[in-house]
Amino acid sequence: MGKVVEVNGPLVTIELAGVPTGEQVRIGTLNLMGEVIARHGEHALVQMYEPTESLRPGEPVVALGHPLSVELGPGLLGGIFDGVQRPLLEHARQHGDYVPRGVHIPPLDRNKLWHFEPHPGLDSGTRIEDGAVLGTVQETPTIAHRILVPPGMGGELLDIISAGDVTVDTVVAHVKNRHGEIQELKLFHRWPVRSPRPYRQRDDAVAPLLTGQRILDTFFPLVKGGRAAVPGPFGAGKTIVQQQIARWADADIVIYVGCGERGNELVDILESFPKLTDPNTGRSLMERTLLVANTSNMPVVAREASIYVGATLAEYYRDQGYDVVMVADSTSRWAEALREVAGRLGQMPVEEGYPAYLASRLAAFYERAGRVTTLSGDSGSITLIGAVSPPGGDFSEPVTSHTKEIVKTFWALSKELADARHYPAVDWVESFSGYVASCSGWWAEHVDPRWEAHRATALGILSQADELARIVNLVGPEALSPQQRWALQGVALFKEGVLQQSALDPVDSYCSPQKQFALLDQMLAIYQRGLKMLDQGVPVQELLRLPLLAQAQRLKGSYGNDQLDGLREFATQAESEFNRVSDEYAQHGKASTT
Amino acid sequence: MSGKEYRLASAARGGLLFMRGVPGVALGDRVVVRDHGGGRRNGQVIRTSDEVVLIQVLEGTDNLDLERTWVRFLDQPFEIPLSPDILGRVFTGLGQPRDERPPLFSPLKRNVNGAPVNPAARAYPREFIQTGISSVDGLNSLVRGQKLPIFSGSGLPHNRLAAQIVRQARLPGDDSQFAVVFAAMGVSFSDASFFRETFSDSGVLRNVVMFLNLADEPSIERLILPRAALTVAEYLAFDLDLHVLVVMTDMTHYAEALREVATAKGDVPARKGYPGYLYSDLAEIYERAGRIRERHGSITMVPVVSMPSDDITHPIPDLTGYITEGQLVLSRTLNNEGVYPPVDIPPSLSRLMKDGIGKEHTREDHGRLAGQLYASYARALEVRNLASIIGADELSETDQNYLAFAGAFEQRFVGQGEDEDRSVIETLNLAWDLLALLPPEALTRVNEADLAKYHRWQGATTEAP
């Protein structure tokens, strides 16, 4: 038992003999949670996960004997936890509208019964390794929760219960470990959040993570096990992009970490996800979703922890062989929490007040992404997507620039596009993806072999746009050649017909890969047919007047993912419309020359 | 301990008083400082150990004779008494009366810092508020429980706009008015009187609680003021079931006071000398807006943020924009052209609009129509740029239409009278009147049904000759 020496905002100096750094402590008569982050002789420095108002020097301190850990077991999915895994729904039920201090409710419900089905072939005397599957619990109708032997607990199985309904706290097996100690295994175990969970080996990512968002999947793809960042100034639509990914990504599990962001955004997810269905399984989206919420008005130190809590939960489901997407909104707020603690510790600031270890901490965090072979031989992945909130929208600031070096997919959001209500406001010049080659195989096999070429052509036309727009702004559209004016129209087709996508339109919110390709193919076809007709001498005004252009731009919202026939029909009509103009012009041209 | 006074001040600078050897003082506690002239100042403990206690003195530390300065620790945090009688009252930043009426007494007192709302207990805001202002209702709709700041610059009519919102805000088809909590930080006497007259003229004064800290009053008091005001707002909304509109002006003065204290404490500065925790600190204030499940009341917040040198990337508007649910940005250009309210449409945004509009709340075409207006106006602004280079006569026919649209949109849609209260349906119809200047093929954000129902293209006028 120790005591409080000094209270300085979220930092408390304590006197407690022999407490290691990283240790969890409970402080004061209010029983506030904190973590030891430094030692100075007899004194230890504690960062507090709860507000320290009314704490006094001299109040008692107790060490818990373990570092910050999370409970891993069935009952996580569909839940909302705070930055140190306190169950917020249960808190609201027991303690009302505000988050009280010093209250500790276990994250997993101790009374709920789960039907445990032991893994076949396990008997007394079987050798079970770390990470082996002990049994299964159906956590939600689609997710079979595999109960794993916690890393470090493998050994000789002494006994295992038969199938039946048990609570998370029930001992389901006894194991004699390599030191001859007998250990109890339950449906849940604890894991320290700052230590990545072990796996057998890392594998190359092979499959795209499909999000149903055209600009992401078609133009700047991400893979299962990849890492991506979404930087953007406020109002550019970061949150909508992240929520769309959380909604539609073809992952098994989605972990959404609201780190220092708005409370209402999490409520939006909590209220809307149960009503939305996963396009891949047809089940409610909430069944595969887990929220970690440390909103901007909650204690700043718990914000720092929330990212690691999210990553550990993601690793736990990865270890069960699932594809997990973790969305962190926003990593800038996490970095600011680092900065705040560093500032109070008096550490030397390097860039904009951030400590020197910002880059290495960021890199270590993103390194928790990846596709792996698990200890039990399954394949699982974590895809990490971090939002970045650069001050003033300046991408050269430290968090954005370090992140840019670490991630392989960079979805840069632009204020200009957002101001013109071009959503998602992903800037096709600033953004990049290092996974195009890895994804092209999948697209060729499942959708169309021309995907990679189409994508490159479209990006080429789009990148001309800026230059042409500059000319138009200087001398007006009349100065452009017919081909250039048609290219501007082509850009409009791609922008309105493919890139823009309304998250609010039920038809357009999710776009299947097949429809994505069909739309891209259609716009390219119109553009290329137009070029050919220009070569035949059809005046560009004639083409620009065609009503099919506006129709093409509305196609995305006119036909759903299961109405691709409508798209094909449109293609035929467009084709005959072009033929008509072409014929008319051929006759007219002849008439005028004779 | 509350009865004991200490004369142990060892240093005073920049609003901070250092006390030596007062054991067991709790963080955040309120203190009363008695100076050598017998004057009383208020303070708060911001750092505590048995050796040194650091006190932030809200009236500042000028003219303190340390040998003759006495400090009494009240052993309680900053609290404010609450009762229904609070409506109609005027307070200082610390919650003391400044309306020549006796202090409020009530057994119910609450800590001004509040506690963070459990996100799981929040209810998502989705009830449309009609402000009668087209640029807000049509394009940046406000909903109950939203925080929507006005980003402004010196000399722009943000106070008039905020006052108009207060006067006109109501749910469509519901005449009940909002209770208003008005928090003024570092404003001039004339601005404060302007608001008081507005409240008085529109007959809402009995439903208003005012917290005033004028420009010549102690700046550190501004750190407590919005917290006291929001504690009252929470009481009105969640204890008395009222719908509360909180107007805070000017958050820039608040942030400057925060910087002043941070600098004195020696905190590591992040941008422009503001402390790294400015974001979290602002969030503690702004996030107190909202709705809570199974409670009838709501807190809707309209803070005014003046942008130093009209710079939207300045840390205060920048961090505010990351916390609030959108922003109304005022434009100096429109103001100079005589457009009131000069709402700069492209950078303005309401994040909660999507769920507060549409068939159930306003009209089925509202969302698409707003998107179309934004897109058409963005295009029209490009055309206007072009016209300034090549001359309006050189523009194509379509571009001429856009140019006409830009002018009409600014003058007739954005511009309106300070007492003009348009219903949301009037606003939407007006928008379609303006879109009549553009041909249907230019309107790709609305659907065919909207076009058929509402669009009346006036294309014929340009084809007349």
Side-chain angles (χ1 to χ4, degrees), chain A residues 5-8 13 52-58 80 88-89 91-92 96-100 234-235 258 260 262-264 266-268 270-271 293 295-298 300 333 336 339-340 343 349 352-353 389 391-394 419-421 472-478 496 504 547 550 553-554 557, chain B residues 23-29 47-50 77 113-125 238 267-271 276-277 279-280 283-284 287-288 290 292 295 313 315 318 321-323 325-327 346-347 349 352 354 367 371 374-375 378 385-386 389-390 394 396 441 444 447:
Chain A
V5 174
E6 187 186 14
V7 188
N8 176 16
T13 308
T52 51
E53 198 182 54
S54 78
L55 195 63
R56 303 167 196 274
I80 173 168
L88 288 172
L89 284 169
H91 259 275
D97 305 334
Y98 297 89
V99 184
F234 67 83
R262 304 175 183 90
N264 279 336
L266 291 152
V267 182
D268 191 10
L270 269 182
E271 289 187 6
T295 55
S296 57
N297 56 337
M298 291 162 85
V300 70
R333 305 299 164 221
E336 284 168 9
R339 173 169 72 182
E340 180 163 348
E352 299 203 9
S389 318
D394 171 14
D419 279 356
R421 298 307 190 259
V472 171
N473 278 336
L474 284 176
V475 289
E478 306 301 327
E496 301 246 345
L504 307 178
Q553 292 175 14
R554 292 203 193 95
Chain B
V25 175
L27 188 80
D29 267 7
R47 187 168 175 166
T48 171
S49 68
D50 286 348
N113 284 332
V117 176
N118 183 336
R122 282 184 190 268
Y124 193 68
F238 304 129
D267 290 338
V268 176
R271 274 203 308 154
Y277 52 81
Y279 176 83
S280 306
E284 280 177 15
E287 279 285 322
R288 289 171 81 169
I292 289 181
R295 304 266 170 166
T313 68
D318 188 51
Y322 276 119
I323 304 163
E325 284 130 356
Q327 65 277 338
L349 171 74
L352 300 184
K354 59 184 171 73
Y374 265 106
N385 264 338
L386 181 60
I389 296 160
I390 62 170
E394 298 296 311
S396 71
E441 59 268 21
T444 51
N447 63 29

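Worth saying up front: this structure is predicted, and the values here are computed from it rather than measured. Labels below follow one simple rule: chain letters A, B, ... track the order of the sequence lines, proteins then strands, and each chain is numbered from 1.
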Quick check on [X] against chain B: is it the side chain, the backbone, both or neither that has a heavy atom closer than 4.5 Å?
X      : value
A/L89  : both
A/V300 : side chain
A/T295 : side chain
A/I80  : side chain
A/R339 : side chain
A/E352 : both

Review point. Just by modelled atom types, is the B/P116 backbone N or O under 3.5 Å from a matching donor or acceptor in the A/N297 side chain?
Key: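 No.
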Point to revise | Any donor-acceptor N/O pair, A/Y98 side chain to B/G114 backbone, under 3.5 Å | key: no
Practice item. Mind ranking A/H91, A/M298, A/R262, A/E53 by heavy-atom pairs under 4.5 Å with chain B and telling me who comes out on top? Key: A/R262
Revision key, fill the gap. Sorted by chain and number, sequence neighbours left out, salt bridge (charged side-chain N to carboxylate O under 4.0 Å, His left out) with A/E496 holds for none
Exercise for review: Could you give me the CA-CA distance, side-chain angles and deciding distance for B/R122 and A/D97, then say whether salt bridge (charged side-chain N to carboxylate O under 4.0 Å, His left out) is met?
Suggested key: CA-CA 8 Å; B/R122 282 184 190 268; A/D97 305 334; over 6 Å; no
Practice item. Name all residues meeting the side chain to side chain contact (heavy atoms under 4.5 Å, CB included) criterion together with B/T313; count only those two or more places apart in sequence or in a different chain, and write none if there are none. Key: B/D311
Practice item. Could you tell me the separation between the CG atom of A/D419 and the OH atom of B/Y374, rounded to the nearest 0.5 Å? Key: 8.5 Å
Point to revise | Side chain / backbone / both / neither for B/P269 at chain A, heavy atoms under 4.5 Å | key: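 Contact with chain A: backbone only.
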